[in-house]
Amino acid sequence: MSYNTNEIQRIETKWQKIWDEKKIFKSGVDNGREKYYVLEMFPYPSGKIHMGHVRNYTIADVIARFRMMQGLNVLHPMGYDAFGQPAENAAIKRGVDPAEWTYGCIDEMTHELKRMGFSYDWDRSLSTCDAEYYKWNQWIFLKMFERGLAYKKESPVNWCPSCDTTLANEEVINGACWRCKSEVQQKNLSQWYLKITDYSERLLKDLDLLTQWPERVVTMQKNWIGKSFGVEIFFRIGDSALFQEGNRALSPILKVFTTRPDTIFGATYVVLAPEHPLVDAITTPANKASVEAFKKEVAGVSKSERVSGDLEKKGIFTGSYVVNPVNQELIPVWIADYVLMDYGTGAIMAVPTHDQRDFEFAKKHQLPMKIVIQDPAWPDLKVEQMDAAYVEQGNLTGSAQFDGMNNQDAMQAIGEWMEKSNIGKTTVHWRLRDWLISRQRYWGTPIPMIYCDTCGVVPVPENQLPVELPKKIQITGQGGSPLAYCQDFVNVKCPKCGKPARRETDTMATFFDSSWYYLRFCSARNSSQVFDKQEAKYWMPVDQYIGGIEHAILHLLYSRFFTKFFKDLGLVDFDEPFVRLLTQGMVLKDGEVMSKSRGNTVDPDTILVKYGADPLRVCILFAAPPEDQLEWSDGAVDGSWKFLNRLDRLADERFKGVKVGYDFKTLSGAAQELERERNATIKKVTGDLETYKFNTAVSAMMIMLNSIEKFVPQNEIDQAVFDQTLRSFVLMLAPYAPHLCEELWQKMGSDVTSVSQVKWPQYDEASLQRAVVEVVVQINGKLRSKLEVPVELNEAQVRELALKDEKIQKWVEDKPVRKFIYVQGRLINIVV
RNA sequence: GGGCGGAUGGCGAAAUUGGUAGACGCGCUAGUCUUAGGAACUAGUGGGGCGACUCAUGGAGGUUCAAGUCCUCUUCCGCCCACCA
């Protein structure tokens, strides 16, 4: 056989058919066997797979096939995250039906994935746009509603004018829409939220359980959840006259959140966010006009601009004063654009001497400053000398009874003291916001809620699920949710009172769909439950999850939240869905991320046609470690192809199928060396696969193939060693190049259906031993000679040998040996 | 501003975790076989030097018998977060 394009196509098609027909990768619960759940982040079905997919899924496939051969019961499913905007946009542009378009893409993509030879259990495949899937989205939503975790509220939301929909906080990147990069606007809308903030503490604490996640993902989640400890300080509003008439409902107390209570004695003014509810009440008549103007000005600035750090801080005086509760000083109240309403209390105390933003603001507006922390090394800092805030550690000054205290200790002490004196309260603030899930789009899961004029907001009863997405409707892409124009959908009887009512016409954010699909895979065809509890108990949690770093916050945080919710429902008994996480690096071309918009993509299809799936798989794993970026080069596929070609020829021409027992100790020198290398390579490759060093495993196999080629059997025993080596080789390479290895394994006389069912090769520690080792000899740390040393020699004997060496003698001459270092079987360093 | 990664030949990358720097592969050079080669095989391939040698892991110091690896400082590059009080 020759390993050419035709032959490769023949082999690949042949084996893909066998895997499919004989259901080689079908998985089922088997309580007698240890399970292993490998999962890659399921794709949006765009139709074509790209190199990023190829890389992601090849990594997963090698892991899956390796674990299978190790005898584990592997679950390796694939499905589609099929709701979302591209289908809808296609509908708007070309008038196609989103469902038809999506299912067409799914078929195409499935075909491409099969051509790559991935070991999926296709019987478990699912698409989130299937009614039998999204029905359970609705069910989950109702369960959350029952528990007060899904609620509707009106508030300012992120609005993408281009996608014509609201966005979650997590979907806003630098003030722009994560999908289309349009600048996000603020709108006041009544929308559905999930109360993920109820889980803040658990989402944070359980990060400790994720010891097998990349540290940076854990850190990103930690920062996103953003727990900060501090004190809410109560400032009495000085001019209480403001509250005498007409404003009785307002509390004359202004609450300010700070993480730096140690600086409270240095607070010289207070700043409110322009949107703060007290602003109107405290603004004095004289300042009314200018404050109004300022508020208008700020409202005109987009959030992305307002948030872009280098903007000059603008602010204005309200005319009012508050009393600093620790020293009764009257300090002015300002409003400024650098204070955000949606964090803390929307009000801050400003300590210009010890906060850079406050410092800049105070300088600009000539507000007073007061130093309350001094550097112990330079304790005489004066306000006039400062050109920046002093933000380092130090000792308190001008802070009454706390003077001299280290500011770290003072944080705690002042907080406690304030609490006792009832002028403040130690609190915790979170950065995490509730999750806005309403989308004014068609191609998503309808939110199962009904609005009745009599009964108010009424959930759709469980037995009426799914609320199906109406088909064949007009999608214009303008004017809110398309469902609102579908009268058959909107008009419904109230489930409570039977009177005419209206359905919710928004759909769910697609991140809802992907927050629990890994559980659905455990019992994908179950029509009576969200998932089968017993099957989930067996398969979950996912042992290895693989996907892009871009999901470090969004998808992974939401999935963790859902899992905890399911635990509270009693459906699962674990806290975290993904035990081990691998974030694969991006695929680059010419130093840039491969992307359609850059036009530098390489279509996997062209590689498949030219080389086949196996060379592509080997190449992409060999080119870089899985977490690193991978620079694509066509030439590298050539190399992988050559490697497989050499293996194929070798098996074809020199494999004889000799099966004779042999003893390592009695083998000829060359055969023993090959046998030793066979064992060493098994050890190396096994270890590398356990630790996901796929690239070095390939290189170890390349080295082994070089040795096999050089080995010329002299007799039947030699041939037996040769054949055995080749057998081990094919088994080790099978996860990487499954088609070729299936073919070779069959030719080698196997009676199993698939090489994936053969036990992973084992190595024998005794066969790793060498009689002689090479020891490097250094003089003063520089390499001067190498010695062949029998392993059994002790240090004294090795020393003698080294000093007798010609090259070494030249360097040592008659200089006294100051020091002699011997690293067993490896190195000698002689210091003269 | 904060956090996390990086930096090793022409290129992708290895380096037993402090012990032969550049494994393996791509590319390149020469040769063999060929009507031909974008096939296969053989040899070579970090820089300098005819050579013994010597210089080399972004840069500068340090620790050590020994540093790509540890410590201090520094320069670039990438990613994430960010007026978060």
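By convention in this document, chain letters (A, B, ...) are assigned in the order of the sequence lines, proteins followed by strands, and residues within each chain are numbered from 1.
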A/Tyr822 has an atom OH; how far is it from atom P of B/G18, in whole Å?
20 Å
Rounded distance in Å between the P positions of B/U75 and B/C28
40 Å
Go through A/Tyr692 and A/Phe694 one step at a time and tell me if the ring pair (Phe, Tyr, Trp, His ring centres under 6.0 Å) criterion holds.
CA-CA 5 Å; A/Tyr692 301 166; A/Phe694 306 108; 5.7 Å; yes
Need one value for A/Lys683: base, sugar-phosphate or nothing, where a base atom within 4.0 Å counts as base even if backbone is also close, heavy atoms only.
nothing
A/Phe361 and A/Trp334: CA distance, side-chain angles, deciding distance, ring pair (Phe, Tyr, Trp, His ring centres under 6.0 Å) verdict
CA-CA 11 Å; A/Phe361 192 81; A/Trp334 283 63; 5.7 Å; yes
Pairwise P distance, B/G59 and B/U69 [rounded to whole Å]
11 Å
If you only use heavy atoms from C-beta on, which nucleotide in B/C84, B/C4, B/A40 is closest to the side chain of A/Leu340?
B/C84
Which whole number of Å gives the distance between the C1' atom of B/G46 and that of B/G9?
5 Å
So, A/Lys683 and A/Glu765, do they make that salt bridge, N to O below 4.0 Å?
yes
Taken to the nearest whole Å, CG/A/Leu588 to C1'/B/G78 is 10 Å
Let's see if you can work this out: which of B/C84, B/A13, B/C41 has an atom nearest to the side-chain heavy atoms of A/Pro625?
B/A13
Write down the protein N/O and nucleotide N/O pairs, taken from nucleotides 31-34 of chain B, whose separation is under 3.5 Å; answer none if there are no such pairs.
none

At 4.0 Å (heavy atoms only), tell me whether A/Gly639 reaches a base, stays on the sugar-phosphate, or touches nothing.
sugar-phosphate
Which heavy atom in A/Val831 sits nearest to a heavy atom in A/Asn780, and how many Å separate them?
CA-OD1, 3.3 Å
So A/Lys642, base contact, sugar-phosphate only, or nothing? Heavy-atom distance under 4.0 Å.
sugar-phosphate
Would you mind classifying the nucleic acid contact of A/Glu774 as base, sugar-phosphate or nothing, using non-hydrogen atoms under 4.0 angstrom?
base
What nucleotide, of B/A85, B/C80, B/U20, holds the atom closest to the side chain of A/Met220?
B/C80
Could you walk me through whether A/Leu689 and A/Val62 pass the side-chain contact (heavy atoms from CB on, under 4.5 Å) check?
CA-CA 8 Å; A/Leu689 286 185; A/Val62 169; 3.9 Å; yes
To the nearest 0.5 Å, what is the distance between CD1 on A/Ile348 and CG on A/Leu272?
9.5 Å
In the structure shown, which nucleotide is the Watson-Crick or G-U wobble counterpart of B/A21, with both distances under 3.5 Å?
none
Base partner of B/G46, which must satisfy Watson-Crick or wobble distances under 3.5 Å
B/C55
Please list, for nucleotides 64-67 of chain B, all pairs of protein and nucleotide N/O atoms separated by less than 3.5 Å.
from, atom 1, to, atom 2, distance (Å)
B/C65, OP1, A/Lys819, NZ, 3.1
B/C65, O2', A/Asn829, ND2, 3.1
B/C65, O2, A/Asn829, ND2, 2.6

Between residues 694-706 of chain A and RNA chain B, which residues have a heavy-atom gap below 4.0 Å?
A/Asn695, A/Thr696, A/Ser699, A/Met702, A/Ile703, A/Asn706
Kindly point out which of B/C24, B/C83, B/C41 is positioned nearest to the side chain of A/Phe622?
B/C24
Nucleotide B/A14, atom P - distance to CG of A/Leu621 in whole Å:
13 Å
Mind checking A/Arg784 for me? I need base, sugar-phosphate or nothing, with any heavy atom below 4.0 Å counting as a touch.
sugar-phosphate
Rounded to whole Å, the CE-P distance (A/Met586 to B/C77) equals 19 Å
Rounding to the closest angstrom, what is the interatomic distance between B/G18 and B/A13 at atom P?
24 Å
Under 3.5 Å, is there a donor-acceptor pair between the A/Ser640 and A/Tyr736 side chains?
no
How many angstroms lie between CG in A/Asn56 and CD1 in A/Ile620, if you round to the nearest 0.5 Å?
10.0 Å
Short side-chain N/O contact to B/C41 OP1/OP2 from A/Arg649, under 4.0 Å:
yes
Expressed in whole Å, how much space separates the P atoms belonging to B/G49 and B/G1?
46 Å
For B/C41, which nucleotide is its Watson-Crick or G-U wobble mate, given both distances must be under 3.5 Å?
B/G31
Rounded distance in Å between the C1' positions of B/A30 and B/C24:
23 Å
Could you verify whether a donor N or O on one side chain and an acceptor N or O on the other, from A/Asp358 and A/Tyr338, lie under 3.5 Å apart?
yes
Tell which nucleotide pairs with B/A66, taking only Watson-Crick or G-U wobble pairs whose two distances are both under 3.5 angstrom.
none
A/Tyr338 side chain: which of B/C83, B/C79, B/A85 is closest?
B/C83
What distance, rounded to whole Å, do you find between the two C1' atoms, one in B/G48 and one in B/A56?
11 Å
Where the side chain of A/Lys693 is concerned, which of B/U20, B/C84, B/A15 is the nearest nucleotide?
B/A15
Quick check for you: among B/A85, B/C41, B/C81, whose closest atom lies nearest to any side-chain atom of A/Arg431?
B/C81
Of the nucleotides B/A40, B/A85, B/G3, which one has an atom closest to the side chain of A/Ile348?
B/A85
Give a yes or no on whether a donor-acceptor pair under 3.5 Å exists between the nucleobase atoms of B/U20, that is its base, and the side chain of A/Arg826.
no
Watson-Crick/G-U partner (both atom distances under 3.5 Å) of B/C26
B/G10
Take atom CZ in A/Arg216; do more than 12 heavy atoms of anything else shown fall under 6.0 Å from it?
no
Residues A/Arg770 and A/Glu673 bridged, charged N to O under 4.0 Å:
yes
Does a side chain donor of either A/Asn223 or A/Arg431 reach within less than 3.5 Å of an acceptor in the other side chain?
no
Could you let me know what B/C79 is paired to, Watson-Crick or G-U wobble, both distances under 3.5 Å, or none if it's on its own?
B/G3
Separation of B/C26 C1' from A/Tyr611 OH (nearest whole Å)
11 Å
I'd like the P distance from B/U72 over to B/A23, given in whole Å.
32 Å
